[in-house]
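All chains are named by letter (A, B, ...) in the order of the sequence lines, taking the proteins before the strands, and each is independently numbered beginning at 1.
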Protein chains: 2
Amino acid sequence: MTTVANPDTGRALDHPAREQIRVEAVLQALADPIRLRIVREIADRGELPCGVLDLPVSKSTCTHHYRVLRESGVIHQRCVGTSRMNTLRKEDLDALFPGLMDGVLAAPRD
Amino acid sequence: MTTVANPDTGRALDHPAREQIRVEAVLQALADPIRLRIVREIADRGELPCGVLDLPVSKSTCTHHYRVLRESGVIHQRCVGTSRMNTLRKEDLDALFPGLMDGVLAAPRD
DNA sequence: CGACTGGTTCGATAGGGATCGTACTACCAA
DNA sequence: TTGGTAGTACGATCCCTATCGAACCAGTCG
């Protein structure tokens, strides 16, 4: 039977609070091409599980990149079943660094 | 005597053209704390020679950081006498990544 | 000319981080 | 319960880069 799973199996997954987000960490996170691609996809397509993007790296490297994005405050991750759903923390980022994400997302994509 | 030096002893110092500026390189350049500090100072105080900021690094490291900023397209350097004057390439950056620099510069500075 | 100042160049070093594979956990479905 | 799927954890490797000191170069000032 399709048991209705706990709608938020979220195990808190330490995210920085808005006040704890540092611009250097955000820039560092966004500077990697793979991570920038992840961010662009989430920005374009909304909430996404880790696996849907086929990135040219291994699963463990992928996990690493999502962690960097989460710990720097760029994305939020919540557990849903066996997946992790990722969203941009756009509100927080816009409040702290108004224009930054828009500028990054407006950049020509090769 | 105070010979009037060539007002622009600029030896071209390869800068990327606007179209060549890549957002990953800019983010990478801005992600370093020392370089971010340099950028903030130039943004606040206008054109600056390399030496006026007393940074907690050696002269050669300083040169390295200015080169990274120049080659990524964040700053422009021109030679004046024995100095190099640095300016933000704000027009180019705003055109390519509208809001990015404003967001970075608006970030709380610790 | 000779000294000084601002900055570069060159090698060397150390630390960080991007990467991988393997082993593991958690949830879901049959 | 058994298997499959989504992702994590860990240890190892390798490269990139921030750093330094020493030598050097180019203007400027006396």
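- The CG-C1' distance, from A:Leu69 to D:dT8, rounds to 16 Å in whole Å.
- Rounded to whole Å, the distance from CZ on B:Arg78 to P on D:dG27 is 15 Å.
- In this structure the side chain of B:Met101 reaches within 4.5 angstrom of the side chain of B:Val39, judged on heavy atoms.
- Residues A:Arg89 and A:Asp94 are not paired through a salt bridge, judged by the lack of any N-O separation under 4.0 Å between the basic side chain and the carboxylate.
- Within the 4.5 Å cutoff, the side chain of B:Arg35 has heavy atoms near those of the B:His64 side chain.
- Here the CZ atom belonging to A:Arg37 is positioned 10.5 Å from the CZ atom belonging to A:Arg40, to the nearest 0.5 angstrom.
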- Message: Within the 4.0 Å limit for protein heavy atoms, which parts of nucleotides 5-19 of chain C are touched? Write it as a string from 5' to 3', B for base, S for sugar-phosphate only, - for none.
- Response: BBBBB--------SB

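- Residue A:Leu53 contributes atom CG, which lies 13 Å from atom P of D:dA6 at whole-angstrom precision.
- A salt bridge does not link A:Arg67 with A:Asp14: every distance from a Lys NZ or Arg NE/NH1/NH2 to an Asp or Glu carboxylate oxygen is 4.0 Å or more.
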